Amino acid sequence: MHNDLEKVLVTREKIEAKTIELAAQISKDYKGKNLLLVGVLKGGFVFLSDLMRKIDNQCEVDFIMVSSYGNSTKTSGVVKIIKDIDTDISGKNILLVEDLIDTGLTLKHLLELLKTRNPKSIEICAILDKPSRRLVNLEVAYSGIEIPDEYVVGYGLDYQNKYRHLPDVCTLKPEIYKKRL
Ligand code: IMP
Ligand code: MG
């Protein structure tokens, strides 16, 4: 285990099993329909790449990048779009693919923004969820693994842009935060 890590919170095996389950449900629900997976950057790309390879149907992929909250939670709900998708989504079935839902503000904002572009449908799929942190009501069609209110890294998730490459979802030793603040 990496020296900066405190513990593994969600193993790669558990992530894979849940991804298979979610992909099976998505394959069933979107059978015979168009599907555009929209990955939320940066963190969402790891999960998206695993998820799409387990989906049976045809699907297209695009990405959107939003400003991150850093280590604090912004409650304004205003999320800055840093990179927009370049697909015309009118008449398409959209699935927003996220690493983790925390307050829910990012996805709420993205949903509202993308809905103005007249997609046929729009749903959310996230591999991790911290329901105890939710500040807004969010309907999550494809909900992954619930985790407690702890800051996690790995499987796309970062702390100061590091640790995204870790295959498991882990917590960091407390001194790592102190050192870099
Ligand atoms: P929300 O808008 O509060 O739901 O925040 C969503 C985004 O914040 C996630 O997609 C992550 O990128 C980031 N985030 C929230 N909690 C954590 C965490 O514990 N570790 C790393 N990133 C996090
Ligand atoms: Mg994210």
Side-chain angles (χ1 to χ4, degrees), residues 1-12 14-15 18-19 22 37-52 61-85 94-115 122-181:
M1 190 154 91
H2 193 295
N3 213 17
D4 294 353
L5 303 178
E6 185 185 56
K7 63 175 185 292
V8 173
L9 196 66
V10 188
T11 62
R12 65 196 79 180
K14 195 167 172 193
I15 293 168
K18 183 52 88 173
T19 305
L22 291 169
L37 304 175
V38 175
V40 184
L41 295 174
K42 295 177 186 171
F45 82 98
V46 178
F47 174 48
L48 185 140
S49 75
D50 282 341
L51 182 74
M52 69 179 290
V61 181
D62 205 337
F63 293 95
I64 195 160
M65 190 189 277
V66 294
S67 57
S68 93
Y69 299 117
N71 303 317
S72 62
T73 307
K74 219 185 329 188
T75 49
S76 68
V78 178
V79 176
K80 201 168 140 218
I81 306 294
I82 300 190
K83 182 229 167 276
D84 206 339
I85 48 171
I94 310 302
L95 189 56
L96 276 169
V97 181
E98 226 331 8
D99 46 16
L100 166 61
I101 312 175
D102 188 41
T103 64
L105 288 167
T106 306
L107 284 172
K108 185 94 182 167
H109 181 85
L110 286 178
L111 273 181
E112 277 163 21
L113 172 79
L114 296 177
K115 273 182 186 166
I122 182 158
E123 299 293 351
I124 292 168
C125 177
I127 187 63
L128 297 165
D129 192 357
K130 284 186 199 170
S132 65
R133 295 259 310 159
R134 202 75 91 250
L135 290 176
V136 288
N137 218 341
L138 206 60
E139 222 178 278
V140 184
Y142 305 97
S143 182
I145 302 158
E146 284 193 12
I147 59 168
D149 181 10
E150 285 188 78
Y151 197 85
V152 288
V153 297
Y155 201 66
L157 292 156
D158 73 304
Y159 174 61
Q160 297 187 340
N161 260 313
K162 294 195 177 72
Y163 311 106
R164 291 192 199 276
H165 66 290
L166 300 170
D168 306 295
V169 172
C170 306
T171 59
L172 289 170
K173 288 178 183 161
E175 60 261 35
I176 301 300
Y177 302 109
K178 286 188 201 119
K179 208 159 63 187
R180 294 182 189 162
L181 280 176

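This is a predicted model, so every value here is computed, not measured. First listed ligand is number 1; within each ligand, the first listed atom is number 1.
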**Request:** Show the numbers, then the answer: is there a side-chain hydrogen bond (donor to acceptor under 3.5 Å, both in side chains) between Asp4 and Tyr163?
**Result:** CA-CA 9 Å; Asp4 294 353; Tyr163 311 106; 2.6 Å; yes

**Message:** Side chains of Lys130 and Ile147, heavy atoms from C-beta outward: is any pair under 4.5 Å?
**Reply:** yes

**Prompt:** When you check the gap from the basic side-chain N to the acidic O, do Asp129 and Arg134 get nearer than 4.0 Å?
**Reply:** yes

**Message:** Below a 4.0 angstrom heavy-atom separation, can you tell me which part of Lys130, side chain or backbone, both or neither, approaches ligand 1?
**Reply:** side chain

**Asked** Could an N or O of ligand 1 be found under 3.5 Å from any N or O of Leu107, whether backbone or side chain?
**Response** no

**Request:** Would you mind running through ligand 1 and noting each atom that sits below 4.0 Å from a heavy atom of Thr106?
**Result:** 1 (P), 2 (O), 5 (O), 6 (C)

**Prompt:** Is Gly104 in polar range of ligand 1, meaning some N or O pair under 3.5 Å apart?
**Reply:** yes

**Message:** With a 3.5 Å distance limit and no angle check, can you tell me whether Ser143 reaches the backbone of Val140 through a side-chain donor-acceptor pair?
**Reply:** no

**Message:** Using a 3.5 Å cut-off on N or O atoms only, is Val152 in polar contact with ligand 1?
**Reply:** yes

**Asked** For Glu150, is the nearest heavy atom under 4.0 Å from an atom of ligand 1?
**Response** yes

**Request:** Ignoring hydrogens, just give me the one of Leu100, Val66, Val136, Val40 whose non-hydrogen atom is nearest atom 7 (C) of ligand 1.
**Result:** Leu100

**Request:** May I ask you to list the atoms of ligand 1 that are less than 4.0 angstrom from any heavy atom of Asp99?
**Result:** 9 (C), 10 (O), 11 (C), 12 (O)

**Complete:** By salt bridge (Lys or Arg N to Asp or Glu O under 4.0 Å), Lys108 pairs with (sequence neighbours left out) none

**Message:** When you compare ligand 1 with Asp158, is there at least one nitrogen or oxygen pair between them that comes in under 3.5 angstrom?
**Reply:** no

**Request:** For Glu146, enumerate each residue passing the salt bridge (Lys or Arg N to Asp or Glu O under 4.0 Å) test, keeping only those at least two apart in sequence or located in another chain.
**Result:** none

**Request:** Select one of side chain, backbone, both or neither to describe which atoms of Leu157 lie under 4.0 Å from any atom of ligand 1, heavy atoms only.
**Result:** side chain

**Prompt:** Are the side chain of Arg133 and the backbone N or O of Asp149 linked by a donor-acceptor pair below 3.5 Å?
**Reply:** no

